[in-house]
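Because the structure is a prediction, the values reported are computed rather than measured.
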Amino acid sequence: MMTTEAELLKTDDKRLEELFRRSPAGEIPKGPMEGRAIFPDAGPEGAWLLASLVHLFAWRGKVFSPDGYLSNRLTPMDILSIVAMVAPGPSLLDDQECIVIDYSNTSLVFGSVRDEIRQVGPHLYLGLIWLSGRKVGWFTLRHPDNGDA
């Protein structure tokens, strides 16, 4: 079973989906989480490069608040923006429980986006991105103290 962020970044779409399907929802994360975009079609080296560039210049992760919301961490200045509601719910992929990150009631621009996460390792989550009900991408979230990046 893959349990490190580095392994996830080198994994193809089919295996990411298999891992997501067999992983538990886990607990809703608390506080700041480091994030990495996953680009399975770019190959292992290209995926790592693209994930690093996105992390450096655009999306850096998420901050979960105890009141059922989160904010995305953006740019090198770590600006908190793009709020979403967070709650357990069924996945669009397999109808099994996951943690749903729903932008439909909190963002005009990102209202058609829905993220789903499941725990794949200690303090490590695999995320699935949906746009208008269509699977469009993957990401990781890990606790900042879990240094397996």
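- Contact between Ser91 and Arg114 at its shortest, heavy atoms only, is CA-NH2, 4.2 Å.
- A distance of 11.0 Å separates OG in Ser71 from OH in Tyr69, rounded to the nearest 0.5 Å.
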*asked:* Between Ile82 and Tyr103, is the side chain to side chain contact (heavy atoms under 4.5 Å, CB included) condition met? List the steps.
replied: CA-CA 8 Å; Ile82 314 173; Tyr103 298 89; 3.6 Å; yes

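- Each of Val63 and Trp59 belongs to its own hydrophobic cluster when Ile, Leu, Val, Met, Phe, Trp and Tyr are linked at side-chain heavy-atom distances under 4.5 angstrom.
- The main-chain N or O of Thr4 is found under 3.5 Å from a side-chain atom of Glu7 such that the two form a donor-acceptor pair.
- Using a 4.5 Å heavy-atom threshold, the side chains of Leu124 and Leu8 count as touching.
- Taking 4.5 Å as the limit, every side-chain heavy atom of Arg60 sits out of range of all side-chain heavy atoms of Leu74.
- Figure legend: cation-pi geometry between Arg36 and Trp48, with NZ or CZ positioned under 6.0 Å from the six-membered ring centre and within 45° of its axis.
- For the residue pair Ala37 and Val54, the shortest heavy atom distance occurs at CB-CG1, 4.2 Å.
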*Please walk me through it: do Val100 and Ile117 pass side chain to side chain contact (heavy atoms under 4.5 Å, CB included)?*
CA-CA 7 Å; Val100 176; Ile117 61 174; over 6 Å; no

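- For Leu16 against Pro40, the heavy-atom pair with the smallest separation is CD1-CG, 3.9 Å.
- Closest heavy-atom contact between Ala42 and Ala47: CB-N, 3.6 Å.
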*Check the pair Leu93, Trp130 against side chain to side chain contact (heavy atoms under 4.5 Å, CB included), reporting the backbone distance first and the verdict last.*
CA-CA 10 Å; Leu93 184 68; Trp130 298 91; 3.9 Å; yes

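- Relative to the ring axis of Tyr125, Lys62 does not place its NZ or CZ within 45° and under 6.0 Å from the centre.
- Checking side-chain atoms of Arg118 against main-chain N and O of Leu19 turns up no donor-acceptor pair under 3.5 Å.
- The side-chain heavy atoms of Ile99 and Pro29, taken from C-beta on, include a pair separated by under 4.5 Å.
- Taking a 6.0 Å sphere around NE2 of His55, one finds it holds more than 12 heavy atoms contributed by other residues, nucleotides or ligands.
- At a threshold of 4.5 Å between non-hydrogen side-chain atoms, the residues Leu70 and Val83 do not count as touching.
- One distance of note links CG of Leu9 with CD of Glu45; it measures 12.0 Å at 0.5 Å rounding.
- Exactly one of Asp115, Asp13, Asp94 qualifies for a salt bridge (charged side-chain N to carboxylate O under 4.0 Å, His left out) with Lys135. That residue is Asp13.
- No continuous path of hydrophobic side-chain contacts links Leu141 to Ile38 [ILVMFWY only; heavy atoms under 4.5 Å].
- The environment of Phe39 atom CZ is dense: over 12 non-hydrogen atoms of other residues, nucleotides or ligands sit within 6.0 angstrom.
- The structure places OG1 of Thr140 at 9.0 Å from CE of Met33, a figure rounded to the nearest 0.5 Å.
- Counting heavy atoms from C-beta outward, Val120 and Phe20 have side chains that stay 4.5 Å or more apart.
- Closest heavy-atom contact between Pro144 and Pro32: CD-O, 3.2 Å.
- A salt bridge links Arg73 with Glu34: the distance from a Lys NZ or Arg NE/NH1/NH2 to an Asp or Glu carboxylate oxygen falls below 4.0 Å.
- The main-chain N or O of Leu92 is found under 3.5 Å from a side-chain atom of Glu116 such that the two form a donor-acceptor pair.
- Between Phe139 and Leu126, the closest side-chain pair of non-hydrogen atoms is not below 4.5 Å.
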_Test side chain to side chain contact (heavy atoms under 4.5 Å, CB included) applied to Ser81 and Asn72, step by step_ = CA-CA 5 Å; Ser81 186; Asn72 283 274; 5.9 Å; no

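- Of all non-hydrogen atoms in Ile101 and Ala84, the two that sit nearest each other are CG2-CB, 3.6 Å.
- Distance CD1/Ile28 to OG/Ser65: 10.0 Å, rounded to 0.5 Å.
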